[in-house]
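As structure tokens, the structure follows; a few thoughts come after it.
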Amino acid sequence: MRLTCTPLSAPLGISDLPILNDQGQVATTLWSHVLSWASSAGIMDMQILAPEPIAVPNGEPSEPPAGAIARLTQAMIGNGGLLMLRNPAAIFGPERILFAAGVRLFAITQPADEVCWDTILSHGQPVYGVRGTVACATRTAHPGAVISALAYGTFTCEEHLAVAKLDESRTGVHWELPVDAETSVIVRDGFEAGRIAGRSGHWNDKGSESYVRLVMRSAEGSAWTQPRFIAPGVTRA
């Protein structure tokens, strides 16, 4: 089943994040805790998503951001929680973004956040980007299934454009859209390796991409896929 949610719409503090089915009905919820955490580098905007409530430690204004991330990550061990950094560019920037190790999700709200995302992806860190509406396909409407989709990047992000079909394999990716669009193929360091027009397309991995993610833009809106990490040195047909 297709489930959707909008994590970045969650208010500051603790709330239930609705997970909607195709009929727009609430199928389940996630526990959300949006934190404005004071650190030595400034205010860290973070969000914890989990199937159930988690005891969260208090912030320490003298603590470096990497230390805060480590403590929050430690608090989530065994609880199925995920940590999202909602202002990666403001806190770290691309020069220091590797200090965000342990964060599973980045909010992408401005181009500078996307630069940080591509930088950490280029170093092989499995971080997934969140913006707009998150859409995932799960077998059940269970909070744990949604968390699993977020944790492993098996979701797309949409702003008025839904991906009709996405088939990923070890050698490439095929996609279909409901309307004509232009799809950019983004690889290591945020480089645009290709641009494909139309309602469908296919990308065959070259083996040197490091990762592949897609950005789809139409007159109606945009959609984004999550990165597929490419094993180096593998010969593609």
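Bear in mind the structure is a predicted one, so any value in this text is a computation, not a measurement. Note that these values count all heavy atoms, side chains included, but never hydrogens, waters or copies made by symmetry. We count residues from 1, following the sequence as given.
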Original post:
Heavy atoms, side chains only, cut-off 4.5 Å: are V187 and S210 in contact?
Top reply: no
Original post:
So, for A10 and V34, which heavy atoms are closest and what is the spacing to 0.1 Å?
Top reply: O-CG2, 3.9 Å
Original post:
If you count the non-hydrogen atoms of other residues, nucleotides and ligands that lie under 6.0 Å from CD in E176, is the total more than 12?
Top reply: yes
**OP:** Check whether any side-chain N or O of S169 sits under 3.5 Å from a backbone N or O of G172 as a donor-acceptor pair, and report yes or no.
**Re:** yes
**OP:** Verify side-chain contact (heavy atoms from CB on, under 4.5 Å) between Q226 and T154, making sure each step is shown before the conclusion.
**Re:** CA-CA 7 Å; Q226 298 305 318; T154 56; over 6 Å; no
**OP:** Run the numbers on L17 and T29 for side-chain contact (heavy atoms from CB on, under 4.5 Å), then give the verdict.
**Re:** CA-CA 5 Å; L17 177 68; T29 61; 5.9 Å; no
Original post:
What are the two closest heavy atoms between N87 and D45, and how far apart are they?
Top reply: OD1-N, 3.0 Å
**OP:** Could you tell me whether a side-chain N or O of H202 sits under 3.5 Å from a main-chain N or O of V173, the two making a donor and an acceptor?
**Re:** yes
Original post:
Out of curiosity, does I14 fall in the hydrophobic cluster containing I54 (side-chain heavy atoms, cut-off under 4.5 Å, transitive links)?
Top reply: yes
Original post:
Should L150 and M84 be marked as a side-chain contact (heavy atoms from CB on, under 4.5 Å) after you check the CA-CA gap, both sets of side-chain angles, and the distance that decides it?
Top reply: CA-CA 10 Å; L150 293 172; M84 174 162 58; over 6 Å; no
Subject >> Euclidean distance, T4 OG1 relative to N21 CG, rounded to 0.5 Å >> reply: 8.0 Å
Subject >> For V56 against I48, the heavy-atom pair lying closest together >> reply: CG2-CD1, 3.7 Å
Original post:
Do you reckon M216 sits in the same ILVMFWY cluster as V185, going by side-chain contacts under 4.5 Å, direct or chained?
Top reply: yes
**OP:** Quick one: pull up CD1 in I69 and CZ in F92 and give me the separation to the nearest 0.5 Å.
**Re:** 4.0 Å
Original post:
So do the side chains of E60 and S40 get within less than 4.5 Å of each other, counting heavy atoms only?
Top reply: no
Subject >> Distance (rounded to the nearest 0.5 Å) between L82 CG and L105 CG >> reply: 5.5 Å
Subject >> Close side-chain approach of V215 to T183, heavy-atom, < 4.5 Å >> reply: no
Original post:
Does N204 offer a backbone N or O that forms a donor-acceptor pair with the side chain of K206 under 3.5 Å?
Top reply: yes
Original post:
Do P53 and N79 have side chains that get closer than 4.5 Å, going by heavy atoms?
Top reply: no
Original post:
Going from OG1 on T6 to CD on E159, what distance comes out if it is rounded to the nearest 0.5 angstrom?
Top reply: 11.5 Å
Subject >> Within 6.0 Å of CD in E192, more than 12 heavy atoms from elsewhere >> reply: yes
**OP:** Write down the atom of A135, the atom of E158, and the distance for their closest heavy-atom approach.
**Re:** CB-OE2, 3.4 Å
Subject >> Stepwise side-chain contact (heavy atoms from CB on, under 4.5 Å) check, S184 with R195 >> reply: CA-CA 4 Å; S184 295; R195 190 176 293 186; 3.9 Å; yes
**OP:** Indicate the ring-plane relationship of F155 and Y128, choosing parallel, tilted or perpendicular according to the 30° and 60° boundaries.
**Re:** perpendicular
Name every donor-acceptor pair, under 3.5 Å, that has one atom in a side chain of residues 111-125 and the other anywhere in the protein, sequence neighbours excluded.
unit_1: D113; atom_1: OD1; unit_2: A89; atom_2: N; d: 3.1
unit_1: D113; atom_1: OD2; unit_2: T109; atom_2: N; d: 3.2
unit_1: D113; atom_1: OD2; unit_2: T109; atom_2: OG1; d: 2.9
unit_1: D113; atom_1: OD2; unit_2: Q110; atom_2: N; d: 3.4
unit_1: E114; atom_1: OE2; unit_2: R213; atom_2: NH1; d: 3.2
unit_1: E114; atom_1: OE2; unit_2: R213; atom_2: NH2; d: 3.0
unit_1: W117; atom_1: NE1; unit_2: V127; atom_2: O; d: 2.9
unit_1: D118; atom_1: OD1; unit_2: Y211; atom_2: OH; d: 2.6
unit_1: D118; atom_1: OD1; unit_2: R213; atom_2: NE; d: 3.2
unit_1: D118; atom_1: OD1; unit_2: R213; atom_2: NH2; d: 3.3
unit_1: D118; atom_1: OD2; unit_2: R213; atom_2: NH2; d: 2.8
unit_1: T119; atom_1: OG1; unit_2: V115; atom_2: O; d: 2.8
unit_1: S122; atom_1: OG; unit_2: D118; atom_2: O; d: 2.7
unit_1: S122; atom_1: OG; unit_2: D189; atom_2: N; d: 2.8
unit_1: S122; atom_1: OG; unit_2: D189; atom_2: OD1; d: 3.2
unit_1: H123; atom_1: ND1; unit_2: T119; atom_2: O; d: 3.0

**OP:** Indicate the atoms forming the closest heavy-atom contact of A41 with I91, along with that distance.
**Re:** O-CD1, 4.2 Å
Original post:
Transitively linked via ILVMFWY side-chain contacts under 4.5 Å: L83 with L98?
Top reply: yes
Original post:
Do I97 and F229 belong to the same hydrophobic cluster, where Ile, Leu, Val, Met, Phe, Trp and Tyr are linked whenever their side-chain heavy atoms lie under 4.5 Å apart, directly or via other members?
Top reply: yes
Original post:
How many angstroms lie between atom OG1 of T28 and atom CG of L3, to the nearest 0.5 angstrom?
Top reply: 8.5 Å
Original post:
Any chain of hydrophobic side-chain contacts (each under 4.5 Å) joining V212 to F106?
Top reply: no
**OP:** Kindly compute the distance separating CD (E168) from CH2 (W203), expressed to the nearest 0.5 Å.
**Re:** 14.5 Å
Subject >> More than 12 heavy atoms of other groups within 6.0 Å of N58 CG >> reply: no
Original post:
Looking only at heavy atoms, which two atoms of L8 and R86 are closest? And how far apart?
Top reply: O-NH2, 3.5 Å
